[in-house]
Protein chains: 2
Amino acid sequence: MAEKRSDKTTITDVARHAGVSTATAGRVLGGYGYTSAENKEKVRLAAQALGYRANQLARSLITGKTRTIGVVAGDIQSPFYASVLRGIADVARAQGFGVLLTNSDERLEREIEAVQLLLEKQIDGLIVAPCDTSGARHLHDAAASGCPIVQIDRRVAGLAADSVTLDNRHAARDSIGRLIAAGHRRIGMIAELERFEFGDMEAFVDGVVAGSIDPETLFPSWQRLFGYIEAHIVHGISIDRSLIGRAGTYSGSAARAATMKLLQRADRPTALFTADGLMSAVAMDAITSLDLSLPDALSLICFDDLDWMRFLKPGITAIAQPLTEMGEAAARLILSRIGGEGSAEQHHVLTHTLALRGSVSAPQAIDA
Amino acid sequence: MAEKRSDKTTITDVARHAGVSTATAGRVLGGYGYTSAENKEKVRLAAQALGYRANQLARSLITGKTRTIGVVAGDIQSPFYASVLRGIADVARAQGFGVLLTNSDERLEREIEAVQLLLEKQIDGLIVAPCDTSGARHLHDAAASGCPIVQIDRRVAGLAADSVTLDNRHAARDSIGRLIAAGHRRIGMIAELERFEFGDMEAFVDGVVAGSIDPETLFPSWQRLFGYIEAHIVHGISIDRSLIGRAGTYSGSAARAATMKLLQRADRPTALFTADGLMSAVAMDAITSLDLSLPDALSLICFDDLDWMRFLKPGITAIAQPLTEMGEAAARLILSRIGGEGSAEQHHVLTHTLALRGSVSAPQAIDA
DNA sequence: GCTTCCTATGAGAACGTTCGCACAATGACG
DNA sequence: CGTCATTGTGCGAACGTTCTCATAGGAAGC
């Protein structure tokens, strides 16, 4: 039976009850050093009798290890982070690690606060989806102070930390390639495309064409646009910049406005490519409300494979990210760093899967 | 500039650098006790110069408070827990609390492990979706040892802890009532209905009819079935037990088997009620594959309002749970307990919202 | 001028562990 | 019979904070 009062049973109590020193009790309960079988038994019995529960705080204070990893997600509510987190939590649990969770809402101030909180709690390692890939002083500081970091989904330029990302560029290029192969020439895209440090959209497209932009540390939606542009280049199709629907912010209303603008044009695109789950849901909503039939009136490929894409009337062809695997990889990476692995920076790039369904067909002839 | 070595800057360093005692430095940085404006300034400058970062571990060890709450979710990957967790995290962050996350996969052993881990890390309070509502020794022990607990989604019988749940019974009763009002007499139900301690399904239905079952500590799917039965009783409709599709386990394949069995009968139900998100997705999949048109061939009401229910051809009428609110309420409750609130047990029962869409109509005449 | 109160400071003891060290006892080896 | 290495034990010092206490200057009250 446990005590009534708050869990006050300390290792000293156990030691006294077992008739040994606290050092010996510590050795038995902490599983280090040498102890006789006889004392092991005595201490274990005493611990059980008193309902002893180790205080990890005290242990951590002296060992300098908390067996806890911190996670800064964008928004746990989104299927993306939920699945990634699931992967992280599974691997962590298997190793007896705890997961301290925060979310940044993709806002730098929040991320800075979160990292500060986590570091004060002395986490052994940090998994973060950085919301600013250029500056990130706080992350550089954290890394410099000796806290291992694994970046997820995107990378901060020049940060001394491992990363786990997706082959966004190839995924987009392949998908757009399929649309082109099916005969499409006017392919619309709906994407967040929030920040871009090097200028505006025009500058970006020109930069990709000119080969002067490094895709490595771009945000995913920009990487996907990069692939979209590349596919056009490869197949010798000129890019109509007005077909690139830029929400400008990660919000449903902005996405809806961009989608509607694109789909209500007289020269509507014959195919649509949505760059993430939110955009896909919004686009699907718009398509339904405009009564466009898939794939006759419009072909569609979505980034992120959401459950409803399977059982819609024509299934939606979608790019599936290995989300839990991404989380698992990140967790394994951080744990090996915590374990003292000192090898060179590792950058895992996971590959997508294309789920082929019925939302793509040849365009209905009306234009060339 | 921060140090190169691991963050070794302690309060002693700061004190020395500022030319005061560690006590004074502590008072400034910890924000307690009295300090002169002059010393405040000196200490702050020294802290900044050395890149000092407080070690919460040491602080917690002495204060006995970690400003961290533990959460045991079933499966973070599910939209349900993801949204609840979002609510929890928001409230916690606003108060400067951390969130330590684990998931149990609804398995008792995992939950016990998780609670042990969290308690060893000295969390100030615990939010848990208990996966066994009858025994739960570990939760009774935790509560007895002084750790505040808030239960979520379901309640352990006799546990001294607050709770936040949904009005499952009423939600189901109202929804079934609507189907009955629309003219339906054979209403199928698909639900998990995993464990039931007091006997089998027959015993449950008989128990509800006889009024001998206490709905308070039932699992949600059983509470929803409770409401389903009640609605039938209220409207004087006899219950055909073969219309109750019991998956028996929370898995897609089991749900699919139960659904197919129900929908492929010669005397197919004219309406279907699915008891949670997974069941709904599976049912929708089955409905599509059987080419049943909603709402003509089948009316449908789903528990849990998932995003695709909005933009399906006929929208799906759904019962929406206030998920983030549930998390927020749980977090507020636990924080007020941590703050020393000593009032009587609180059991918040949140109310659902019914999103009326196009998946319900009068049954197509063919049977009475 | 004497308390009394408020502000301000530092020394040192907590908090509950682990860890370094000293010291035995034991057995093996030569 | 020394000399090791191996196993086992307890004392007390860490770890980095907060907290209690003792001390003291100054303002206010009478």
Side-chain angles (χ1 to χ4, degrees), chain A residues 3 5-44 46-47 50-68 119-124 145-146, chain B residues 3 5-44 46-47 50-68 119-124 145-146:
Chain A
E3 306 294 82
R5 298 282 314 132
S6 54
D7 49 329
K8 286 283 186 193
T9 4
T10 130
I11 208 167
T12 318
D13 301 333
V14 175
R16 191 172 340 152
H17 194 272
V20 297
S21 71
T22 63
T24 301
R27 277 188 272 259
V28 174
L29 299 168
Y32 53 90
Y34 294 110
T35 33
S36 65
E38 187 197 6
N39 276 347
K40 270 198 184 73
E41 196 55 22
K42 280 201 289 184
V43 171
R44 288 222 175 90
L50 298 174
Y52 171 75
R53 179 172 285 138
N55 185 337
Q56 290 287 356
L57 250 49
R59 178 173 305 180
S60 296
L61 183 58
I62 193 163
T63 60
K65 294 281 158 208
T66 51
R67 296 185 76 77
T68 302
L119 290 179
E120 287 190 353
K121 290 195 188 297
Q122 308 295 118
I123 50 165
D124 292 338
S145 82
Chain B
E3 307 293 83
R5 299 280 315 130
S6 54
D7 49 329
K8 285 283 186 192
T9 2
T10 124
I11 208 167
T12 318
D13 302 332
V14 175
R16 190 171 342 150
H17 195 272
V20 297
S21 70
T22 63
T24 300
R27 277 187 273 259
V28 174
L29 298 168
Y32 52 90
Y34 294 109
T35 34
S36 65
E38 186 198 5
N39 276 346
K40 269 199 185 73
E41 196 56 21
K42 279 201 289 184
V43 171
R44 288 223 175 90
L50 298 174
Y52 171 74
R53 180 171 285 138
N55 184 337
Q56 290 288 355
L57 250 49
R59 180 173 307 186
S60 296
L61 183 57
I62 192 164
T63 59
K65 294 282 158 207
T66 51
R67 296 185 75 77
T68 303
L119 290 178
E120 286 190 353
K121 289 195 187 298
Q122 309 294 118
I123 51 166
D124 291 339
S145 82

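Throughout, protein chains are lettered first and strands after them, A, B, ... in sequence-line order, and every chain is numbered starting at 1.
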**Asked** OP1 or OP2 of C:dT17 sitting under 4.0 Å from any side-chain N/O of A:Thr10?
**Response** yes
**Request:** Please report, rounded to the nearest Å, how far the C1' atom of C:dT17 is from the CZ atom of A:Arg59.
**Result:** 8 Å
**Request:** Nearest whole angstrom, please: distance from the P of C:dG16 to the CZ of A:Arg53.
**Result:** 15 Å
**Asked** Hey, is the side chain of A:Tyr34 poking within less than 4.0 Å of OP1 or OP2 on D:dT7, counting only N and O atoms?
**Response** yes
**Fill in**
Out of C:dA14, C:dT18, D:dT9, minimum distance to the side chain of B:Ile62 belongs to C:dA14
**Message:** Whether B:Thr24 contacts C:dG10 is assessed here as follows: a side-chain N or O lying under 4.0 Å from the phosphate OP1 or OP2. Is that the case?
**Reply:** yes
**Request:** Looking only at side-chain atoms of B:Thr63, point me to the closest of D:dC19, D:dT9, C:dT17.
**Result:** D:dC19
**Message:** With nearest nucleotide decided by heavy atoms, which residue, A:Ala58 or B:Gly19, maps closer to the 5′ end of DNA chain C?
**Reply:** B:Gly19
**Request:** Using the side-chain contact (heavy atoms from CB on, under 4.5 Å) rule, take A:Val43 and A:Leu29 through it: C-alpha gap first, then chi angles, then the decisive distance, then the call.
**Result:** CA-CA 8 Å; A:Val43 171; A:Leu29 299 168; 3.9 Å; yes
**Message:** With side-chain contact (heavy atoms from CB on, under 4.5 Å) as the criterion, how do B:Leu61 and A:Asn55 come out once you've worked through the C-alpha distance, each side chain's angles and the decisive distance to 0.1 Å?
**Reply:** CA-CA 9 Å; B:Leu61 183 57; A:Asn55 185 337; 4.0 Å; yes
**Asked** Tell me: CZ of A:Arg16 to P of D:dG10, nearest whole Å?
**Response** 14 Å
**Message:** Between B:Lys42 and B:Gly19 (side chain of the first, backbone of the second, donor and acceptor by atom type, cut-off under 3.5 Å), is there such a pair?
**Reply:** no
**Request:** Could you go through the side-chain contact (heavy atoms from CB on, under 4.5 Å) check for B:Thr68 and B:Lys121 one step at a time?
**Result:** CA-CA 9 Å; B:Thr68 303; B:Lys121 289 195 187 298; over 6 Å; no
**Request:** Please confirm whether the backbone N or O of B:Gln122 pairs with a side-chain atom of B:Thr66, one donor and one acceptor, at under 3.5 Å?
**Result:** yes
**Request:** Please check the phosphate of C:dT9 (OP1 and OP2 only) for any side-chain N or O of B:Ser36 closer than 4.0 Å.
**Result:** yes
**Asked** Taking only N and O in the side chain of B:Asn39, is any of them less than 4.0 Å away from OP1 or OP2 of C:dA8?
**Response** no
**Item:** Closest listed nucleotide, where the reference is the side chain of A:Arg27 and the choices are C:dG16, D:dT9, D:dG16
**Value:** D:dT9
**Request:** Rounded off to whole Å, could you give me the NZ-to-C1' distance for the A:Lys8 and C:dG16 pair?
**Result:** 11 Å
**Interatomic distance, A:Lys121 NZ vs D:dG16 C1' [rounded to whole Å]** = 15 Å
**Asked** Can you tell me how far C1' of C:dT17 sits from CG of A:Leu57, to the nearest Å?
**Response** 10 Å
**Complete:** Taking for B:Thr35 and for B:Leu61 the nucleotide of DNA chain C with the nearest heavy atom, the one nearer the 5' end belongs to B:Thr35
**Request:** Nearest whole angstrom, please: distance from the P of D:dT9 to the NZ of A:Lys42.
**Result:** 8 Å
**Asked** B:Leu29 has an atom CG; how far is it from atom P of D:dC19, in whole Å?
**Response** 14 Å
**Message:** For C:dC19 and A:Tyr32 - does any side-chain N or O of the residue sit under 4.0 Å from the phosphate oxygens OP1/OP2?
**Reply:** no
